[in-house]
Amino acid sequence: MQNRKAQLTLFIIVGILLVAVILFILFLYKTPDIVNNPSKNPEGFIDKCVSDSIKKEEQTILNSNGYPDSAFKNYLLYNQKKIPYLCVVSEFYSPCIPQEPGLMNYIQNQIEIKVARSTENCFTTLVSSLEKTGYSVEKKNTVLNLSIKQGRITAEIKKDLVFKKEDTSKSIEIFSVSVPSPLFDLIKLEQTIVNYESTFCEFDYNNWMLSISDILIKRDRTSDQSKVYTLTDRISEKQIKFAVKTCVLPAGI
């Protein structure tokens, strides 16, 4: 009886592995086909193309801590990396002044501009592929609205695109692309910490993590009394950093 159970268990495991291998092979061959032959699956091509762009721009934001512009000057050089000051003051004893009250909109606009350009390129590639395969294409300008939401970044795309070939006619009008992302929660927590630091000169991050544990908060202090916060999403391990300088005390106190 035990041998039969062992054999049954082995058969189940082998079956699961076979299914996993088949699905992997199908995915492996499907993805290059979408990339190399957009005309075969226009919606799939646009979805992947725009998704890749969103992921790329999200990573750019995270790598630069929200400020990819090389001309940005309001930062602290910490461990040879530029950490933006989101709240800073030049007077002793005074609470800091928030530097970017509309941080969510600021970052959202940065991503939207870049993704909108990439999306236009995605459609240009698609149209070229369709025309090469004998389709006649009617198109209008692309309108893209990007939003950073809890758990995801979403791009709503409006593109009047009609492609015809003999008796076949297809169209793309409204298109939505969504990518999982912790960016919303990271930015919201940045804003919360800045509100505390600019009001009370302090943020109790240990107690905060006891009640909200999805983001790890680390804080370091520098020799000039700046505080460097590192926020890390526990699931994706994506992180963002920022600095505050508030209620500074004179030297020797």
Side-chain angles (χ1 to χ4, degrees), residues 54-114 148-151 153 180-253:
I54 293 174
K55 293 173 185 177
K56 176 184 174 183
E57 298 309 325
E58 179 208 39
Q59 194 58 52
T60 298
I61 289 295
L62 294 172
N63 290 343
S64 63
N65 298 306
Y67 293 85
D69 186 355
S70 59
F72 179 70
K73 301 297 183 183
N74 191 17
Y75 64 85
L76 169 71
L77 193 60
Y78 181 73
N79 289 339
Q80 299 182 336
K81 292 186 178 181
K82 295 180 179 180
I83 311 298
Y85 273 117
L86 294 188
C87 198
V88 68
V89 68
S90 58
E91 299 176 355
F92 293 127
Y93 307 109
S94 299
C96 62
I97 300 172
Q99 303 296 292
E100 199 71 63
L103 183 62
M104 185 74 74
N105 287 334
Y106 173 77
I107 291 178
Q108 183 172 282
N109 289 339
Q110 287 190 85
I111 297 177
E112 184 178 80
I113 291 170
K114 298 290 183 63
I148 301 174
K149 301 178 180 180
Q150 189 164 29
I153 300 175
S181 171
L183 201 54
F184 179 89
D185 289 332
L186 292 174
I187 296 172
K188 290 293 289 186
L189 183 52
E190 280 186 297
Q191 293 174 315
T192 297
I193 294 173
V194 167
N195 288 338
Y196 273 90
E197 292 281 9
S198 63
T199 305
F200 306 109
C201 300
E202 190 61 44
F203 174 72
D204 191 347
Y205 65 97
N206 285 315
N207 279 333
W208 186 273
M209 284 192 293
L210 289 176
S211 59
I212 303 177
S213 60
D214 55 342
I215 295 178
L216 175 66
I217 306 173
K218 180 184 176 184
R219 186 177 70 190
D220 298 312
R221 295 180 183 269
T222 66
S223 58
D224 70 343
Q225 300 184 51
S226 293
K227 303 173 188 176
V228 177
Y229 283 94
T230 302
L231 312 182
T232 306
D233 177 69
R234 292 182 186 271
I235 296 176
S236 66
E237 297 186 350
K238 294 178 179 180
Q239 65 176 216
I240 198 165
K241 297 182 180 183
F242 67 99
V244 299
K245 191 172 185 179
T246 186
C247 299
V248 177
L249 300 177
I253 295 182

Interatomic distance, CD1@Ile212 vs CG@Asn207, rounded to 0.5 Å, equals 11.5 Å

Would you mind reporting whether Pro95 and Glu197 have side-chain heavy atoms less than 4.5 Å apart? no

Side chains of Arg219 and Tyr229: any donor to acceptor distance under 3.5 Å? yes

Please determine whether the number of non-hydrogen atoms from other residues, nucleotides or ligands lying under 6.0 Å from atom NZ of Lys114 exceeds 12. no

Taking only residues two or more places apart in sequence or in another chain, which ones pass ring-ring contact (aromatic ring centres under 6.0 Å, His included) with Phe203? Tyr196, Trp208

Think Lys82 forms a cation-pi with Tyr75, using NZ or CZ under 6.0 Å from the six-ring centre and within 45 degrees of its axis? yes

Is Ile107 close to Ile148 at the side-chain level, that is, under 4.5 Å between some pair of heavy atoms? yes

Counterpart residues, ring-ring contact (aromatic ring centres under 6.0 Å, His included), relative to Tyr78 (two or more places apart): none

Would you say Asp233 and Ser236 are linked by a side-chain donor-acceptor pair, where the criterion is simply a distance under 3.5 Å? yes

For Cys87 versus Val194, what's the shortest heavy-atom pair and its separation? CB-CG1, 4.0 Å

Kindly indicate, with the supporting measurements, whether the criterion side-chain hydrogen bond (donor to acceptor under 3.5 Å, both in side chains) is fulfilled by Glu100 and Tyr85. CA-CA 9 Å; Glu100 199 71 63; Tyr85 273 117; over 6 Å; no

Do Leu189 and Ile217 have side-chain heavy atoms sitting under 4.5 Å apart? yes

Quick check on Lys188: does its NZ atom have over 12 non-hydrogen neighbours (other residues, nucleotides or ligands) under 6.0 Å away? no

For residues Thr230 and Gln239, is any side-chain donor paired with an opposing acceptor at under 3.5 Å? no

What are the two closest heavy atoms between Thr60 and Pro68, and how far apart are they? CG2-CB, 3.9 Å

Heavy-atom closest pair, residues Phe72 and Pro84: CE2-CB, 3.7 Å

Test item: Leu249 and Gln225 side chains (from C-beta on) under 4.5 Å apart, heavy atoms: yes

Hey, are the side chains of Val248 and Tyr93 touching, using non-hydrogen atoms and a 4.5 Å cut-off? no

Got a sec: does the CG of Leu210 have more than 12 other heavy atoms crowding it under 6.0 Å? yes

With heavy-atom distances below 4.5 Å as the criterion, would you say the side chains of Met209 and Asn206 are in contact? yes

Kindly write out the residues that satisfy side chain to side chain contact (heavy atoms under 4.5 Å, CB included) with Lys56, not counting sequence neighbours, or none if the list is empty. none

Regarding Asn195 and Gln191, do their side chains bring together a donor and an acceptor under 3.5 Å, going by distance alone? no

Answer yes or no: is there a donor N or O on one side and an acceptor on the other, between the side chain of Asp69 and the main chain of Ala71, under 3.5 Å? yes

Do you know the tightest heavy-atom contact between Glu58 and Pro182? OE2-CD, 3.6 Å

Take Leu186 and Ile215, measure what side-chain contact (heavy atoms from CB on, under 4.5 Å) needs, and give me the verdict at the end. CA-CA 8 Å; Leu186 292 174; Ile215 295 178; 4.0 Å; yes

Side-chain donor or acceptor of Asn65 paired with backbone N/O of Phe242 under 3.5 Å: no

Any side-chain heavy-atom pair from Leu183 and Ile153 closer than 4.5 angstrom? yes

Going by heavy atoms in the side chains, are Leu231 and Ile193 under 4.5 Å from each other? yes

Pairing of Lys227 and Glu202 as salt bridge, 4.0 angstrom limit: yes

Might you point out which heavy atoms bring Ser226 and Leu76 nearest each other, and give the distance in Å? CB-CD2, 4.0 Å

Is there a disulfide between Cys201 and Cys96 in this structure (defined here as SG atoms under 2.5 Å apart)? no

